[in-house]
Amino acid sequence: MKFLFHFGRYLSLLRLAFQRPEKQSIYFRQIMVEMENLGLASVGIVAIISVFMGAVLAIQMAFNIDTPLIPSYTIGFVTRQSVELEFAPTIISLILAGKVGSRIASEIGTMRVTEQIDALEIMGINPATFLILPKIVASMIINPFLIMMSMLLAVGGGWLAGIFTGLFPSSEYIYGIQSFFHMYDIFYALTKTIVFAFIIASVSAYNGYYTKGGALEVGEASTNGVVYSSIAIIFMNLILTQILLA
Amino acid sequence: MIEGRNISKSFGDRLVLENVSVSMEKGQTNLIIGQSGMGKTVLLKCLVGLLEADHGKVFYDDREFSKMSFNEMKEIRQEIGMLFQGGALFDSLTVEENVMFPITMFTKQTPQEKLERANFCLSRVNLQNVNKLYPSELSGGMKKRVAIARAISMNPRYLFCDEPNSGLDPQTAHLIDELIKEITIEYNMTTVVVTHDMNSVLEIGEKIYFLYQGKLWWEGTKDNILYTENPELQAFVFTSELTKRLRPVKGVGG
Ligand SMILES: Nc1ncnc2c1ncn2[C@@H]1O[C@H](COP(=O)(O)OP(=O)(O)OP(=O)(O)O)[C@@H](O)[C@H]1O
Ligand SMILES: [Mg+2]
């Protein structure tokens, strides 16, 4: 019951958000601002996590296939595949749900409890369009770039791991990451990324938008934003994988 | 003129407004007064449509506001200026950007024109040299004044002020009262002010509505409020030392 109530209200908020903005030029400026706030500000954390995860993946792989029957370029191949299919689009999106989602939910939640959203409404501005739409659009534009950067850095991290540990030869790894490459996998990853970006921005905005109370509730909304967008991401991941890889 | 007819509003099973009817005249300062928690802000929010009344209707110059869709309301709202009790300034914008915000959204004025208008509005609330500060860098009273400047930046036809001079020193409070009275007459606005400041009541109370326990308990003007026989209103009016001294002697006057 509760789920249905929230889901219904979420859909009607989306309908409210996807309306013609009052002033186009301002709206485009908002998108730029949000791309900076939500995207550029996440480059650092995405980079660090990607390099280390790539390194760990490669090292684990090296220990696991410690048999001469499997060629060692497999390490590069498997690292690339896991990064490309799952690790970059899904795990990094989950990280972004934590970072960006809490930011969106608390920003909008604070505006709600301090009546800034009412102030927008009273001026004759549709607050849902003004606040939420630029965040959704900005995330859907910038997240694919973050994810592609993550792929490159993670694969690079694996290569560095080989150099520093000496577990596998650099040339084999480089050969591995180039073998059996399918463009469709990138399409699959980016489709997931864009859907997840939509989920992160809209679900956390929803949680902020209906905040009631004060600072305590804003904190709660922020946590809920992260939790629910993460759950929605995991769930959609299953569905999209079924649809796109079937 | 803004009219609220038979407005009732409850939150859960708590009845906050019960069958309240008010009529806010054009070119006048109309006051809603009452103790803290008596539903003044709720009434104001019902009038501007931020809260939906359970019963009752709201009219803006004979246009039935309460049955309009969100998009129809938007048109009327562009003619509304509102000061929220807490200011509701946009945290992410500077003082000057806050005041210019409605102008930017709804007009095609050049940056120069907008800035001039913002500076004019800020000077009317006696604020100088704060243009580039953010709301978090202002004192409570300064925030309030910036919010007033923003509310009047578009020359609204309807002005709503929720406690415009709470948290201000007596001189600034007086200045704000004067400003509200002045622009109401100058632009023939319909102005609604929520207050529990007796100074303001006696200064700008051309029409006064007194709320008590969710009901409209008394209505009148600044000229007859001191002569009221209503015990609850008397208790409200004659609490402070200053107003006690204004209390008419029984049998004299009014
Ligand atoms: N959103 C809400 N949800 C539940 N109850 C509310 C809500 N808004 C107001 N109330 C209740 O309605 C009553 C009237 O509140 P209101 O804010 O109108 O008081 P007020 O007259 O403006 O007081 P003050 O002078 O302190 O601002 C209060 O008892 C308050 O608890
Ligand atoms: Mg109030």
Side-chain angles (χ1 to χ4, degrees), chain A residues 9 12-34 36-38 41 103-104 106-135 138 208-215 218, chain B residues 11-12 41 44-52 65 68-93 97-109 111 135-136 143 146-147 150-154 156-162:
Chain A
R9 202 168 60 159
S12 62
L13 180 64
L14 283 184
R15 216 187 58 203
L16 218 65
F18 281 89
Q19 280 185 11
R20 211 187 142 73
E22 279 74 22
K23 199 163 182 181
Q24 228 88 6
S25 57
I26 304 258
Y27 169 77
F28 283 118
R29 212 182 55 199
Q30 288 291 105
I31 293 182
M32 297 316 243
V33 171
E34 297 298 351
E36 192 179 330
N37 286 344
L38 306 178
R103 188 200 154 99
I104 292 178
S106 57
E107 180 188 332
I108 295 184
T110 304
M111 292 189 74
R112 166 62 74 196
V113 300
T114 56
E115 298 182 312
Q116 294 176 51
I117 292 185
D118 290 340
L120 283 172
E121 196 177 329
I122 227 50
M123 288 173 191
I125 296 164
N126 179 341
T129 309
F130 185 78
L131 294 175
I132 301 177
L133 194 52
K135 290 183 172 47
Y209 199 79
Y210 290 105
T211 308
K212 277 200 184 100
V218 171
Chain B
F11 294 101
T41 301
L44 203 64
K45 287 189 174 172
C46 287
L47 290 178
V48 295
L50 284 175
L51 286 173
E52 206 181 329
F65 186 67
M68 289 183 184
S69 71
F70 188 83
N71 284 323
E72 289 170 321
M73 276 187 185
K74 268 179 21 180
E75 268 174 45
I76 289 194
R77 283 180 166 163
Q78 287 173 25
E79 304 175 328
I80 293 180
M82 178 155 175
L83 165 70
F84 286 82
Q85 193 164 356
L89 295 174
F90 301 122
D91 293 327
S92 56
L93 303 181
E97 287 166 342
N98 260 288
V99 180
M100 291 193 297
F101 183 83
I103 314 176
T104 308
M105 288 304 288
F106 295 110
T107 71
K108 292 199 163 59
Q109 291 186 15
S136 57
K143 279 184 203 161
V146 175
R150 185 179 68 182
I152 62 173
S153 66
M154 290 278 280
R157 271 175 73 176
Y158 312 103
L159 181 64
F160 295 86
C161 298
D162 198 345

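A, B, ... follow the sequence lines: proteins, then strands. Residue 1 opens every chain. Just the heavy atoms: all of them, side chains too, but no hydrogens, waters or symmetry mates, feed the values below.
- Ring pair A/Phe130/B/Phe101: centre-to-centre distance below 6.0 Å.
- The residue among A/Thr110, A/Thr114, A/Leu120, A/Asp118 with the most heavy atom pairs within less than 4.5 Å of chain B is A/Asp118.
- The number of heavy-atom neighbours closer than 6.0 Å to CD of A/Gln24, taken from other residues, nucleotides and ligands shown, is above 12.
- Around atom CZ of A/Arg9, more than 12 heavy atoms belonging to other residues, nucleotides or ligands sit under 6.0 Å away.
- When heavy atoms are compared at a cutoff of 4.5 Å, B/Thr104 approaches chain A by way of both its backbone and its side chain.
- Expressed to the nearest 0.5 Å, how far NZ of B/Lys74 lies from CD1 of A/Ile122 amounts to 13.5 Å.
- Only the side chain of A/Gln19 comes within less than 4.5 Å of a heavy atom of chain B; its backbone N, CA, C and O stay farther away.
- Note that the CZ atom of B/Arg77 and the CG atom of A/Asn126 stand 10.5 Å from one another [nearest 0.5 Å].
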(message) Determine whether B/Met82 and A/Glu121 satisfy the following criterion, side chain to side chain contact (heavy atoms under 4.5 Å, CB included), listing intermediate values before the conclusion.
(response) CA-CA 11 Å; B/Met82 178 155 175; A/Glu121 196 177 329; over 6 Å; no
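- For B/Leu89, the part sitting under 4.5 Å from any heavy atom of chain A is the backbone (N, CA, C, O) and nothing else.
- Of all the listed residues (A/Lys23, A/Glu115, A/Gln116), the one sharing the greatest number of non-hydrogen pairs under 4.5 Å with chain B is A/Gln116.
- Residues A/Pro127 and B/Phe70 share a closest heavy-atom pair of CD-CZ, 4.0 Å.
- The greatest number of non-hydrogen atom pairs below 4.5 Å with chain A, out of B/Val48, B/Ile80, B/Asp91, is found for B/Asp91.
- The contact between B/Asn71 and chain A is made entirely by side chain atoms (from C-beta outward), counting heavy-atom distances below 4.5 Å.
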